[in-house]
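Single-structure report; data block below.
Just so we're clear, the structure is a prediction, and the values are computed from it rather than from any experiment.
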Amino acid sequence: MTADARTHRVPPVGPRLGFFTRVLDAAPPAERYRLALEQIRTAERLGFDSAWVAQHHFHEDEGGLPSPLVFLAHAAAQTRSIVLGTSIVTLPLEEPLRVAEDAAVVSLLSGGRFELGVGSGGTPSSFPPFGHDPKERGAIYGRHLARLQEALRGDALTADGGRLYPAAPRLLDTLWQATFSPEGAARIGASGSGLMLSKSQPHTAGSGATALADTQRLVIDAYEAALPEGVAARTFASRGLVVVDDEADVPALLARGIERSLPAARPMGIAIPDGASDEQLRILFDLHIGTPEQIIEELAQDHVLTSATDIVFQSHPVDPPHEVLLRSLELIATRVAPALGWSRAAREPVEGPDPLDADDAILTLAEETHV
């Protein structure tokens, strides 16, 4: 199916609400994965529409998950309605046909509840072990993306006519791509993919509380201008958010978020003013931490967030204790997201077969062994 013939479904009642985890709980790997799964199940129970994980290699303090599709296949067996997605798979470091095959299997096992997000990013030091120069990431991404799209489209891949099996054309219709630049956004728009925006994008336009949104608006404008006729815009807006009941809990969480943001800021091109106050750093690092009333007032100023088709919240870089995060999810679903236009009203069901039934006894035992 060609890009100009595709149409993308937009939720019938406001934006979709998503939860994004980088799997960074202060725990060993197995416990990190167990806690992330509990967080996703909690998000589903609270009515969240989607849950997202990112791929990171080698650096355990940056991201705890090198194999997101394996993880999401397991998550699919423990959930029934929530859409599961990658934000992102670092495509230059992957064999694109294997990404297509694994994604097709996850989509089938989940009953069609999987969406694939890809990008060229990733920590530069992760590229050489895979045999790539990080300076070539853009060119590699372009080649791998073209191959991935061929496979998802159902093109012949072998001399004897072999094609992607199982077939997964819907993954092409719901494909997401990430970028920081208007130029990249124009390419994404022209392809008909959804646009993934990141909270870590350096601010190059505007100032103050709307600087990130002002910068991203330039990217969105380029994306929407390039969309083929008849293809609806899909914009994924991610923001860092921890919601608490008591304002007295905010200072410690804010200090934690700032401390964890500083080491990665300059390598990502984020300029830190000399003598910056905590408030300036909070805005610079997109740290929304507060009571529901405070958060609603802050986010109402974010014109990207209030116009996105997908509003996605993550607790990184604060990465609070597990119970604090679970309470934050509850406050987001019951207090914050409805004020941003989200509704838990019935959504259009995801097309596809029911997910394969899990053996409840085995699942319970597996969970208990990781407590």
Side-chain angles (χ1 to χ4, degrees), residues 1-11 14-18 20 49-50 52 54 83 85-92 115-122 137-146 148-149 152-153 170-206 210-239 268-269 286 299 301-314 340-342:
M1 188 180 294
T2 61
D4 58 356
R6 294 201 302 271
T7 58
H8 298 304
R9 292 182 301 174
V10 176
R16 292 196 305 185
L17 175 64
F20 175 28
D49 300 293
S50 63
W52 303 82
V83 172
T86 57
S87 177
I88 57 168
V89 169
T90 308
L91 197 56
E115 295 184 7
L116 179 63
V118 298
S120 64
R137 71 175 67 186
I140 300 169
Y141 177 76
R143 295 195 301 270
H144 286 194
L145 177 65
L148 175 69
Q149 290 172 318
L152 296 178
R153 191 163 52 233
R170 181 181 171 278
L171 287 177
L172 186 61
D173 293 344
T174 58
L175 185 66
W176 296 88
Q177 296 187 57
T179 189
F180 281 166
S181 72
E183 295 77 15
R187 290 191 294 271
I188 293 169
S191 74
S193 295
L195 173 67
M196 270 188 163
L197 301 169
S198 171
K199 67 173 289 297
S200 61
Q201 178 163 8
H203 309 173
T204 57
T210 64
L212 177 58
D214 293 341
T215 296
Q216 291 183 338
R217 178 57 59 186
L218 303 177
V219 179
I220 293 171
D221 288 347
Y223 164 73
E224 292 181 342
L227 282 168
E229 184 177 353
V231 176
R234 292 185 296 129
T235 306
F236 176 112
S238 173
R239 296 290 186 265
M268 293 180 61
D286 185 54
L299 296 184
Q301 304 175 57
D302 191 325
H303 52 83
V304 165
L305 202 64
T306 55
S307 64
T309 60
D310 284 71
I311 299 175
V312 182
F313 293 119
Q314 59 178 294
L340 297 175
W342 175 75

Locate the shortest heavy-atom distance separating [X] from [Y]; write the atom from each residue and the value.
X    : Y    : result
P228 : G189 : CD-O, 3.2 Å
V231 : L227 : O-CD1, 3.8 Å
S191 : Q149 : CB-NE2, 4.2 Å
A213 : H303 : O-CE1, 3.3 Å
Y223 : A232 : OH-O, 4.5 Å
L212 : K199 : CD2-O, 4.0 Å

Residue pair [X] / [Y], side-chain heavy-atom distance below 4.5 Å:
X    : Y    : result
P15  : I311 : yes
L197 : I220 : yes
R239 : V304 : yes
V312 : W52  : yes

Practice problem: Could you tell me whether E115 and R16 have a side-chain N and a carboxylate O separated by less than 4.0 Å? | Solution: yes
To the nearest 0.5 Å, tell me how far [X] [atom1] sits from [Y] [atom2].
X    : Y    : atom1 : atom2 : answer
L340 : S307 : CG    : OG    : 11.5 Å
L17  : S50  : CG    : OG    : 7.0 Å
L299 : T306 : CG    : OG1   : 9.5 Å

Quiz item: After noting the C-alpha distance and the side-chain angles of D49 and V83, does the key distance pass the side-chain contact (heavy atoms from CB on, under 4.5 Å) rule?
Solution: CA-CA 6 Å; D49 300 293; V83 172; over 6 Å; no
Exercise. Spell out, as yes or no, whether a donor-acceptor pair under 3.5 Å connects the side chain of Q216 to the backbone of Q201.
Key: no
Quiz prompt | Side-chain donor/acceptor of T86 to backbone N/O of I88, under 3.5 Å | solution =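 Pair absent, no side-chain N/O of T86 close to backbone of I88.
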Would you say the side chains of [X] and [Y] form a donor-acceptor pair under 3.5 Å?
X    : Y    : result
Q314 : S238 : yes
S193 : Q177 : yes
W176 : D310 : no
D214 : H203 : no

Exercise. Decide side-chain contact (heavy atoms from CB on, under 4.5 Å) for D302 and T210; before the verdict, give the C-alpha distance in whole Å, the side-chain angles of both, and the deciding distance to 0.1 Å.
Key: CA-CA 6 Å; D302 191 325; T210 64; over 6 Å; no
Quiz item: Should Y141 and V118 be marked as a side-chain contact (heavy atoms from CB on, under 4.5 Å) after you check the CA-CA gap, both sets of side-chain angles, and the distance that decides it?
Solution: CA-CA 9 Å; Y141 177 76; V118 298; 3.5 Å; yes
Self-check item: Candidate pair L305 and F313, rule side-chain contact (heavy atoms from CB on, under 4.5 Å), full reasoning
Solution: CA-CA 10 Å; L305 202 64; F313 293 119; 4.1 Å; yes
